Participant: 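One structure is given below, represented as structure tokens, and several questions about it will come after.
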Amino acid sequence: MRAIIPPLANSWLVAVKDLSLAVAIGFPEVVSVFMQTSINQTGRAIEIISMVMGFYIVVSLIISYLLNRYNAHVQYKVR
């Protein structure tokens with residue numbers, strides 16, 4: 001387990017980043033209902049896009065934090 005934690009953390013973070021890129025490319029299809037409804041009601045596109053970006057940042061930070069904690073837990077203890 002000690003050897004696979006850093007590559008595993010990296011692959012999970014890459015998957016989250018790729019998902020956010022896929023959302024950016026397929027933006028009209030993926031979030032059109034949410035965005036159109038919100039923009040029509042509030043007229044604030046920048047704030048809504050910032051919320052979506054913030055979601056991906058929070059998910060990336062949570063994954064990174066949890067896997068770093070687990071990595072520190074399974075490392076060899078030097079005495």
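These figures come from a predicted structure and were not determined experimentally.
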Participant: Quick one: side-chain contact (heavy atoms from CB on, under 4.5 Å) partners of L66, sequence neighbours excluded?
Facilitator: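 With sequence neighbours excluded, L66 shows a side-chain contact (heavy atoms from CB on, under 4.5 Å) to I62, given in chain and number order.
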Participant: side-chain contact (heavy atoms from CB on, under 4.5 Å) with N71: which residues, sequence neighbours excluded?
Facilitator: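 With sequence neighbours excluded, N71 shows a side-chain contact (heavy atoms from CB on, under 4.5 Å) to I5, P6, V74, Q75, given in chain and number order.
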Participant: Just how far is it from atom OG of S60 to atom CZ of F55, taken to the nearest 0.5 Å?
Facilitator: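 Separation between the atoms: 9.5 Å.
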Participant: Considering only Ile, Leu, Val, Met, Phe, Trp and Tyr, and joining two whenever side-chain heavy atoms are under 4.5 Å apart, list the other residues clustered with I57.
Facilitator: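 Besides I57, the cluster holds L61.
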Participant: Hey, what do you get for CG (L8) to CG (L13), rounding to the nearest 0.5 Å?
Facilitator: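 If we round to the nearest 0.5 Å, L8:CG and L13:CG are 9.5 Å apart.
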Participant: Please check if V58 and Y65 belong to a single hydrophobic cluster, counting links between Ile, Leu, Val, Met, Phe, Trp and Tyr side chain heavy atoms closer than 4.5 Å.
Facilitator: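 Yes, because V58 and Y65 connect within a single hydrophobic cluster, where side-chain heavy atoms sit under 4.5 Å apart.
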